[in-house]
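Please read all numbers here as calculations on a predicted model, not as lab measurements. The sequence lines fix the lettering, A, B, ..., with proteins before strands; numbering per chain opens at 1.
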Protein chains: 2
Amino acid sequence: MARATNRRIADSTVRRLSLYLRYLEEVGGRGLATISSETLAKLGGTTSAQVRKDLSFFGSFGKRGLGYPVPELVSRLREILGLGREWQVVIVGAGKIGSALAQYSGFRHRGFRVVAVYDNNPAKIGTQWDGHSVRDIAQLVSDVTSLRADIAVLAVPGAAAQETAEVIVRAGIHGILNFAPIQLRLPEDVIVRAVNMAAELEVLSYALAHRAER
Amino acid sequence: MARATNRRIADSTVRRLSLYLRYLEEVGGRGLATISSETLAKLGGTTSAQVRKDLSFFGSFGKRGLGYPVPELVSRLREILGLGREWQVVIVGAGKIGSALAQYSGFRHRGFRVVAVYDNNPAKIGTQWDGHSVRDIAQLVSDVTSLRADIAVLAVPGAAAQETAEVIVRAGIHGILNFAPIQLRLPEDVIVRAVNMAAELEVLSYALAHRAER
DNA sequence: ACATGTGAACTGCTTCACAGCG
DNA sequence: CGCTGTGAAGCAGTTCACATGT
């Protein structure tokens, strides 16, 4: 039973849960029955206290003196992360990044199914693509009713991103994974996660440039 | 003159600086001479106090009653972020993501130049690719001496990531942008930024699954 | 004896609010 | 008078340390 959690959980916590799950699936496959917060912490690059705190937000499913039962923890984490169901994903922007993501097996494997790919470039529309024909973005709004898409991956150039995001929202999609290097301004009931690779590279160059000074 | 900063600057701050820069380049192109923290905050999705605090870590280059001079701020931010020079980047892993990144124009545009692409798959080695022939990863260590690469983009499967990262470090590279969904354990003088798209999608599915409860 | 679960202390980022200055 | 620059206050996430349970 998904214990109702009123508390707002930090993004950082959820990201760690996702990492824990990945490791647990791995060690579970090797037949390990139980795992301590200490071991899990080492795998996930954090501390045992952090692991226990993260898990404690959702209940107490560890056994004192022993650790956490791996199979149970795996299924609880799946449930917590919302992976108990399949999510329908549309990819908007059939450029290089969109292309790579549409074919990325890691998505499918965790229950994210790409159901359509969109672009506004007439040269691309209609081309076949890893089992999906690229559709005209103008069709998105009408399509989504039948597709029942939950999540859109936004992989269009920055200049087009805001406008395109608004189309996505108009289509009734409430979750956006944004690869465009801009801050989207959308209604607050839309959940947006940004992956800004350029910014990430610049954090890296900042750190490298200032490395001597430390 | 780059005022020496002893203070450790938060990643979140640096990421915002990168966003500010992107917006400033845009409005600067439109000829805007000066910008207030308030305006910049709206573009970057934050608050004016946050903008002023972020910038104040590096000096005070605003004019009271007026705002910040755009061209000057652009060049200061470039300098701060380490974009005053060109960074040599190698891409390790010639799969879909590696492929997309190798061709991503946003990198080049900001001073990140892809100088080589590596893989361990014999079928891929030697193939030509957007001006780069894919090289054998076994050559990485010897190549880097002549290439003088600064940053590696790690885009290999999770199972190979740790091992590959160690090769990269052995090659003398100190900055890694990690796309593999695992936590790398490396010497602490190596700067690692992780982009975990699977985790990001799961934060999204977590939020969507728990949306009703809020 | 061992490892969890958790209040309390701590650390650090963000927001506030206002003095300072063009 | 407007907007910056910045100490101080507020808040959130992390770490500590220990009581609790097996």
Rounded to the nearest angstrom, tell me the gap between atom [atom1] in [X] and atom [atom2] in [N].
X        : N       : atom1 : atom2 : result
Phe61(B) : dC21(C) : CZ    : P     : 18 Å
Arg76(A) : dG5(C)  : CZ    : P     : 12 Å
Lys63(B) : dC1(D)  : NZ    : C1'   : 18 Å
Asp11(A) : dT14(C) : CG    : P     : 13 Å
Glu38(B) : dC1(D)  : CD    : P     : 20 Å
Arg15(A) : dT14(D) : CZ    : C1'   : 15 Å
Leu66(B) : dG20(C) : CG    : C1'   : 15 Å
Phe58(A) : dT6(C)  : CZ    : C1'   : 16 Å

For this session: Give a yes or no on whether the ring-centroid distance for Tyr104(A) and Phe107(A) is below 6.0 angstrom.
Result: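 Yes; Phe107(A) has its ring centre under 6.0 Å from that of Tyr104(A).
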
Flag side-chain contact, heavy atom, 4.5 Å: [X] against [Y]:
X         : Y         : answer
Val156(B) : Leu154(B) : yes
Asn196(B) : Phe179(B) : no
Gln183(B) : Arg185(B) : no
Leu101(A) : Ile97(A)  : yes

[X], nearest nucleotide to its side chain (from [options]):
X        : options                   : value
Lys53(B) : dT14(D), dT6(D), dT6(C)   : dT6(D)
Thr47(B) : dT14(C), dT15(C), dT14(D) : dT15(C)
Arg52(B) : dT15(C), dA8(C), dT4(D)   : dT4(D)
Arg16(A) : dT14(D), dA3(C), dT4(D)   : dT14(D)
Arg64(B) : dT14(D), dC21(C), dC13(C) : dC21(C)

For this session: Would you mind classifying the nucleic acid contact of Ser48(A) as base, sugar-phosphate or nothing, using non-hydrogen atoms under 4.0 angstrom?
Result: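 Nothing, no heavy atom under 4.0 Å.
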
For this session: Remember a base hit wins even if backbone is also touched, and classify Ser37(B) as base, sugar-phosphate or nothing at under 4.0 Å, heavy atoms.
Result: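 Contact class for Ser37(B): sugar-phosphate only.
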
Problem set entry | Distance test, side-chain N/O of Gln50(B) to OP1/OP2 of dT15(C), below 4.0 Å |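 Answer is yes, contact under 4.0 Å.
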
Exercise. Counting just side-chain N and O atoms, does Tyr68(A) come under 4.0 Å of either OP1 or OP2 of dG5(C)?
Worked result: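 The answer is yes; a side-chain N or O of Tyr68(A) sits under 4.0 Å from OP1 or OP2.
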
